[in-house]
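For ligands, and for the atoms within them, numbers begin at 1 and follow the listed sequence. In this chain, residues are counted from 1 in sequence order.
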Amino acid sequence: MSVPVRMDDGQVRVFTGWRVHHDITRGPAKGGIRFHPDLDLDEVMALAFAMTVKTAVLDLPFGGAKGGVRCDPTRMSLGELERLTRRFTWEILPLLGPDQDVPAPDVNTDGRVMAWLMDTISMARGERLSGSVTGKPLAVGGTAEHAGSTAAGIVTCVRATFGALGLPLAGARAVIQGFGKVGAPLAFLLHSAGMRVVAVADVAGAVHNPGGLDVAELARHVAATGSVAGFPEGEALRSGELWEVPAELAVPAALARAVDAEVARRLAARVVVEAANGPTLAEADPILHERGVVVVPDVVANGGGVTSSWFEWAQNRQGIAWEPGVAADRLDATMRRGFAEVWARAEHLGVSLRRAAHVVALERVAEAIRVRGLFP
Ligand code: GLU
């Protein structure tokens, strides 16, 4: 749809936005909203499909959706961003609602944007619909666990993979691409799990310290300068060198298409856990598989985010907040169960974890379609 927005200089700019429902057989459409200058319909469709697979593989009662607006939020004022969000929400309003389609944050969107969505939907419908959006601020029915939940789910997958491969976690080295909403909390969690985070990259640069980076110091440096580049307690890496850093674990936690055939040939780690959506190109997958690199695919690995969205939605609908710790325990259990099922299926079929995840998920969707039958 077209999303006209009055900019601060008085001009009207018309942005393009999309909301795609890939499948709604198993439950309301579920998936994030992203603001990015390169967004197009193909990408939104692919990401909506990935959400169908993600919710099905973890057996969450949702379908798959994705949405977004092609814009560069870094060049927009807060007011412009709010007007864009509200007009976009208005355009897709007929699709939305706690039982129809429940958006969440994604690239360049956050709790603030979700509060605007929730308010726009609630004002339009004349009732406070907190369960219409997840990843909200605490003041409007959000949960404390949501912010770090993708990172927490990644750690569950790292533990499960290392356990299945018989690799010790303590002292193992990790490299992370991205130090944002997922990469930053992940660095802390991996460090607390006893791993050494030896290299971190972001859009502006990369740092390496074979003894392990001081994650808290790095976070302070990023807060002060906006990037990991120039962090004094490590050496700078050139872009692309990150993947060659000797490590047991590599986590792409930035945008899509980070791991191409070239990176797949050079990648040093034994295990890749995909925190971003679509970080590995199709051409890279067989190369990694042949080299014996174990890849935990995005549709399993980063499912912690949508799992905690499910918990937020459930609490909104129950009208009661769960006791502290309950959501974290359920997140860990949901991720472990999903991982174990995919791992077992991969072994049974002799295929990659990515293929096994799609088998498990699409069987579940197909079964729902079969038992529901054809209307009328
Ligand atoms: N944007 C997140 C994802 O890609 C969360 C989606 C959601 O919670 O609906 O999985």
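Here the closest heavy-atom approach between residue Val273 and residue Pro252 is recorded as O-CD, 3.4 Å.
Between the side chains of Thr52 and His22, at least one donor N or O sits under 3.5 Å from an acceptor N or O. Under the 3.5 Å distance criterion, with hydrogens and angles disregarded, a donor-acceptor pair is assigned to the side chains of Asp101 and His21.
Every salt bridge (charged side-chain N to carboxylate O under 4.0 Å, His left out) that Arg83 has, sequence neighbours left out, goes to Asp8. Glu217 meets the salt bridge (charged side-chain N to carboxylate O under 4.0 Å, His left out) test with Arg220; sequence neighbours excluded. By the side-chain hydrogen bond (donor to acceptor under 3.5 Å, both in side chains) test, Thr307 is found to be paired with no residue, residues two or more places apart in sequence or in another chain being considered.
Residues of the protein with a heavy atom under 4.0 Å from ligand 1 are Lys30, Gly31, Gly32, Met51, Lys54, Lys66, Ala104, Pro105, Asp106, Asn277, Gly305, Val306, Ser309, listed by chain and number.
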